[in-house]
Amino acid sequence: MGRENQTWMSEFILLGLSSFWETQVSLFVLFLAMYLVTVLGNFLIILLIRMDSRLNTPMYFFLSVLSFVDICYSNSIVPQMLVHFLSASKSIPFHNCLLQLSISLAVASTEFFLLGAMAYDRYVAVCHPLHYAAIMHGGLCLGLAAGCLVAGFMNSLMETIITFRLPLCHKVINHFACETLAVLRLACVDISFNKVMVAISGFLVIMLPCSLVLFSYGRIVAAILCIRSAQGRRKAFETCASHLTVVSMCFGAAIFTYMRPAAGSSAEQEKMVSLFYAVVTPMLNPLIYSLRNKEVMSALRRMLEKINEKR
């Protein structure tokens with residue numbers, strides 16, 4: 001089948017998570033609630049960091065960027081998935097599919113790089129506390145955030161181009177969203193090159209930041225063990241626990257999906273892991289950072305007290 005058939009393919013059909021109406025309604029209610037918690041929770045984190053001067057530190061700057069990225073990621077996938085739950089037609093126009101894949105790839109890649117930058121921030125805070133303010137100055141923080149964004153969009157641009165240049169023989173995508181591996185299964189030509197590029201992309205976007213995280217936390221653990229007081233060790237560990245929890249979820253899901261041998265993967269497993277990464281992780285991030293962080297909870301209490309005073 002020639003490449004021209006891809007040009008005239010005006011839409012795709014997404015199989016989604018279930019074909020039973022009752023299940024789809026239940027999933028709609030569940031994911032709508034999770035989506036609202038995700039958006040409101042991450043927006044609240046951004047608002048608290050912007051309004052409370054005590055949170056104007058590099059760690060919370062990166063946290064606000066992470067919350068913004070999580071909102072963008074959820075908005076790139078979940079609203080369309082919610083519409084499809086209550087819709088008889090599960091179609092998505094070609095250009096919408098292309099846009100969804102490129103945006104979700106860009107923000108997901110940005111998040112991996114950002115988690116690496118946050119690990120470096122924690123390394124400097126724990127291992128070089130006296131020079132922390134000088135090293136993690138505003139210019140460096142902005143540069144790291146911008147670099148993560150540029151790297152994420154460059155990776156997305158590369159993967160999107162080589163994916164949608166393929167001649168596609170089929171229009172039914174066994175997924176709830178336009179995802180790279182699912183779209184590649186529609187190709188009617190050999191996709192060995194694309195698999196190699198996905199592996200290279202996975203190494204650069206997932207494994208390199210993961211290596212930076214492991215190196216940073218290796219140094220952090222060594223530094224914490226050298227602290228003599230138990231209270232000092234506990235305080236140093238608390239500054240890293242939330243970030244390490246989020247890192248474990250994000251990198252674990254991504255490595256399971258993109259870095260396994262092709263023979264060990266299946267469409268259903270990829271859907272479940274992608275669902276966890278697209279819906280569950282962005283919802284848990286603000287909960288983890290707020291419930292485990294005394295400074296964030298204190299900022300929330302101060303904001304509520306100000307609201308009550310104005311009444």
Side-chain angles (χ1 to χ4, degrees), residues 1-21 23-24 27-28 31 35 72-109 155-199 201-202 253-254 256-260 262-282:
M1 186 173 290
R3 186 181 296 260
E4 64 275 5
N5 285 344
Q6 180 209 9
T7 305
W8 292 103
M9 188 172 291
S10 60
E11 65 180 17
F12 297 101
I13 305 297
L14 295 171
L15 290 184
L17 297 173
S18 174
S19 58
F20 299 102
W21 172 250
T23 304
Q24 292 185 66
L27 291 175
F28 172 83
F31 290 137
Y35 173 68
C72 292
Y73 192 78
S74 291
N75 284 332
S76 70
I77 292 178
V78 180
Q80 166 257 307
M81 183 170 61
L82 292 174
V83 170
H84 279 189
F85 280 139
L86 302 182
S87 160
S89 173
K90 313 296 184 184
S91 63
I92 179 172
F94 175 86
H95 292 95
N96 287 10
C97 182
L98 186 150
L99 186 64
Q100 182 183 71
L101 186 142
S102 61
I103 293 177
S104 60
L105 265 178
V107 292
S109 302
N155 176 70
S156 171
L157 181 63
M158 181 272 294
E159 283 205 41
T160 302
I161 289 175
I162 66 172
T163 297
F164 282 96
R165 281 177 60 86
L166 291 172
L168 305 178
C169 296
H170 311 283
K171 62 187 300 184
V172 179
I173 301 176
N174 187 12
H175 212 280
F176 56 83
C178 290
E179 191 266 346
T180 304
L181 297 179
V183 174
L184 286 178
R185 292 191 179 96
L186 307 182
C188 48
V189 295
D190 181 59
I191 58 172
S192 299
F193 172 76
N194 295 78
K195 290 182 178 179
V196 171
M197 294 305 295
V198 168
S201 172
F256 181 84
T257 304
Y258 294 101
M259 302 305 294
R260 292 187 306 162
S265 63
S266 72
E268 295 304 318
Q269 288 176 333
E270 289 169 9
K271 278 199 287 186
M272 291 302 103
V273 175
S274 297
L275 188 66
F276 173 81
Y277 187 71
V279 180
V280 179
T281 301

What's the spacing between [X] [atom1] and [Y] [atom2] if we round to 0.5 Å?
{"X": "Ser76", "Y": "Ile103", "atom1": "OG", "atom2": "CD1", "answer": "6.5 Å"}
{"X": "Leu105", "Y": "Gln100", "atom1": "CG", "atom2": "CD", "answer": "10.5 Å"}
{"X": "Cys97", "Y": "Glu179", "atom1": "SG", "atom2": "CD", "answer": "10.5 Å"}
{"X": "Leu275", "Y": "Met81", "atom1": "CG", "atom2": "CE", "answer": "5.5 Å"}
{"X": "Ile77", "Y": "Cys178", "atom1": "CD1", "atom2": "SG", "answer": "9.5 Å"}
{"X": "Leu181", "Y": "Lys195", "atom1": "CG", "atom2": "NZ", "answer": "9.5 Å"}

[X] side-chain N/O to [Y] backbone N/O, donor-acceptor pair under 3.5 Å:
{"X": "Ser104", "Y": "Leu101", "answer": "yes"}
{"X": "Thr163", "Y": "Thr160", "answer": "no"}
{"X": "Ser102", "Y": "Ser156", "answer": "no"}

How far apart are the C-alpha atoms of Trp21 and Leu86, what are their side-chain angles, what is the distance that settles it, and do they pass the side chain to side chain contact (heavy atoms under 4.5 Å, CB included) test?
CA-CA 8 Å; Trp21 172 250; Leu86 302 182; 4.1 Å; yes

Atom of [X], atom of [Y] and distance for their closest heavy-atom approach:
{"X": "Val78", "Y": "Ala278", "value": "CG2-O, 4.4 Å"}
{"X": "Ser74", "Y": "Pro282", "value": "OG-CB, 3.6 Å"}
{"X": "Glu159", "Y": "Ser201", "value": "OE2-OG, 2.5 Å"}
{"X": "Val172", "Y": "Leu186", "value": "O-CD2, 3.1 Å"}

I want to check something: taking the side chain as every heavy atom from C-beta on, are [X] and [Y] in contact at a cut-off of under 4.5 Å?
{"X": "His175", "Y": "Ile173", "value": "yes"}
{"X": "Thr281", "Y": "Tyr73", "value": "no"}
{"X": "Asn174", "Y": "Arg185", "value": "no"}
{"X": "Lys171", "Y": "Glu11", "value": "yes"}
{"X": "Phe31", "Y": "Leu17", "value": "yes"}
{"X": "Val183", "Y": "Phe12", "value": "no"}
{"X": "Val279", "Y": "Tyr35", "value": "no"}
{"X": "Leu15", "Y": "Lys90", "value": "no"}

Among residues at least two apart in sequence or on other chains, which ones pass side-chain contact (heavy atoms from CB on, under 4.5 Å) with Val83?
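With neighbours one apart ignored, the set is empty.
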
